[in-house]
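Shown next, in structure tokens, is the structure this report addresses.
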Amino acid sequence: MKQLLKKIELGFKVMPLVDFLDRENGFTDIELLDWEYFLNKREFSVLRRSHRVIAKRITDIIYASILATLSIPVMLITALLIKIESKGPVFFKQKRVGLYNKEFEVIKFRSMSTDAEKNGAKWAQKNDPRVTKVGKFIRATRIDELPQLFNVLIGDMSLIGPRPERKVFIKELKKEIPHYEFRHAVKPGVTGWAQVKYAYGASLNDAIWKHRYDMYYIKYQSLLFDLKIILYTVKTVIFGMGR
């Protein structure tokens, strides 16, 4: 500690190891975090800055309104294809955990068979047999997420943020992943840094990696960072690289 203080006195910049790794890797090594870091670190104070929260809400409304309007033809065609392929509702509604651990009902286009969870809740898998043919396409292009723009407009979600998870999975994940519930300090998003940086996965290890990217986003979120994620997401939709 004395050596570090001496370096600071000589004009050297000293930073915690976790911050250095953030800069190098683009994700936060959650194993290096402790509660003292959360309390003292300046970046996390963004959560308490009301002007940033208001600015993010205004941009959410603007972007979501534009995207919802432009997406109307795509959503109408998608609804028609879903009805033609299989019986059942066009939309899929499910309770997810959002800001401050409050549950809300997320809206998506139905991409699985209507009896997908007859044996109980379970994570979606790669090449999941429960996914319909139309569902496979709209998942790859993220079209199934478009109805969530209405969740954004009513205020349950943000355009950018950690993906909302189900309470049944959160109970297990928070036992295994450090600071997992901190993701609920911000609104969940339709897309996010974890979605554009990490490939599809449905295991504990995948959840850990996604949480690393989510924590990085919470720590460094800004309107410019949000724009970067939107551009990544557009690229994903255009080239069908969704997971």
Side-chain angles (χ1 to χ4, degrees), residues 30 38 44 46-48 50 52-54 56-57 59-61 63-64 67-68 75 88-125 128 130-131 135 138-139 142-195 198 200-204 206-215 217-218 221 226 229 243:
I30 52 178
F38 282 96
F44 285 113
V46 68
L47 305 174
R48 300 184 294 273
S50 59
R52 289 200 177 186
V53 174
I54 293 171
K56 186 171 175 63
R57 178 59 183 152
T59 55
D60 276 342
I61 293 173
Y63 286 147
L67 289 172
M75 288 195 279
V90 168
F91 297 106
F92 174 72
K93 296 182 180 180
Q94 191 177 69
K95 285 189 176 182
R96 300 287 178 96
V97 178
L99 184 65
Y100 307 142
N101 294 300
K102 294 180 180 177
E103 282 191 304
F104 70 98
E105 199 166 53
V106 72
I107 309 169
K108 300 176 67 174
F109 279 120
R110 181 172 61 84
S111 60
M112 291 187 176
S113 58
T114 53
D115 61 349
E117 294 196 337
K118 62 181 180 181
N119 297 319
K122 61 179 180 179
W123 276 334
Q125 303 289 329
D128 197 319
R130 299 173 299 167
V131 178
I138 63 177
R139 277 171 169 249
R142 302 258 177 98
I143 290 174
D144 65 321
E145 311 282 0
L146 287 176
Q148 290 174 52
L149 293 172
F150 298 102
N151 284 115
V152 176
L153 291 173
I154 63 179
D156 289 330
M157 297 177 66
S158 177
L159 197 61
I160 310 295
R163 289 294 299 143
E165 191 51 87
R166 300 169 68 177
K167 182 178 287 187
V168 63
F169 296 137
I170 290 173
K171 289 180 179 179
E172 298 302 318
L173 292 173
K174 70 180 183 180
K175 295 177 184 177
E176 305 292 338
I177 303 177
H179 316 295
Y180 187 76
E181 287 194 302
F182 196 78
R183 70 204 312 274
H184 300 138
V186 298
K187 286 184 180 181
V190 178
T191 186
W193 190 233
Q195 286 87 292
Y198 191 79
Y200 178 88
S203 67
L204 175 60
D206 294 324
I208 291 172
W209 271 103
K210 288 182 178 180
H211 188 54
R212 287 171 177 150
Y213 284 105
D214 284 333
M215 290 297 286
Y217 172 75
I218 295 171
Q221 63 174 294
D226 283 356
I229 294 171
R243 300 294 194 272

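Note that the numbering runs from 1 along the sequence shown for the chain.
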Determine yes or no for a side-chain-to-main-chain donor-acceptor pair under 3.5 angstrom, with D60 supplying the side chain and R57 the backbone. no
Mind running side chain to side chain contact (heavy atoms under 4.5 Å, CB included) on K108 and Q148 for me, showing each step along the way? CA-CA 6 Å; K108 300 176 67 174; Q148 290 174 52; 3.2 Å; yes
My understanding is that only residues two or more places apart in sequence, or in another chain, count here; which of them pass salt bridge (charged side-chain N to carboxylate O under 4.0 Å, His left out) with K175? E172
One should read off an interatomic distance between Q195 CD and I160 CD1, to the nearest 0.5 angstrom, of 8.5 Å
Taking the six-membered ring for Trp, is the centroid-to-centroid distance between F109 and F92 below 6.0 Å? no
With sequence neighbours excluded, tell me which residues meet side-chain hydrogen bond (donor to acceptor under 3.5 Å, both in side chains) with K56. S158, Y217, D226
Check whether any side-chain heavy atom of I229 lies under 4.5 Å from a side-chain heavy atom of L159, and answer yes or no. no
Once ring pair (Phe, Tyr, Trp, His ring centres under 6.0 Å) is applied, do any residues pair with F150, and if so which ones, sequence neighbours excluded? none
Side chain to side chain contact (heavy atoms under 4.5 Å, CB included) involving I154 - partner list, sequence neighbours excluded: N151, D156
Rounded to the nearest 0.5 Å, what separation is found between the OH atom of Y198 and the CH2 atom of W209? 7.5 Å
Value rounded to 0.5 Å, distance of CZ in R139 from CE in M112: 4.0 Å
My understanding is that only residues two or more places apart in sequence, or in another chain, count here; which of them pass side chain to side chain contact (heavy atoms under 4.5 Å, CB included) with P164? R96, F104, M157, P188
Residues 176-186, side-chain donor-acceptor partners within the protein, below 3.5 Å, at least two apart:
residue: H179; atom: NE2; partner: L33; partner atom: O; Å: 3.2
residue: R183; atom: NH1; partner: R163; partner atom: O; Å: 3.0
residue: R183; atom: NH2; partner: R163; partner atom: O; Å: 3.2
residue: R183; atom: NH2; partner: D214; partner atom: OD2; Å: 3.1
residue: H184; atom: ND1; partner: N101; partner atom: OD1; Å: 2.8

Quick one: salt bridge (charged side-chain N to carboxylate O under 4.0 Å, His left out) partners of E103, sequence neighbours excluded? K167
Taking only residues two or more places apart in sequence, or in another chain, which ones meet L99 in a side chain to side chain contact (heavy atoms under 4.5 Å, CB included)? K187
Heavy-atom closest contact (I143 atom, P147 atom, distance): O-CD, 4.0 Å
Between atom CZ of R142 and atom OG1 of T191, what is the distance when rounded to the nearest 0.5 Å? 5.0 Å
N/O donor-acceptor pair under 3.5 Å between R110 side chain and P89 backbone: yes
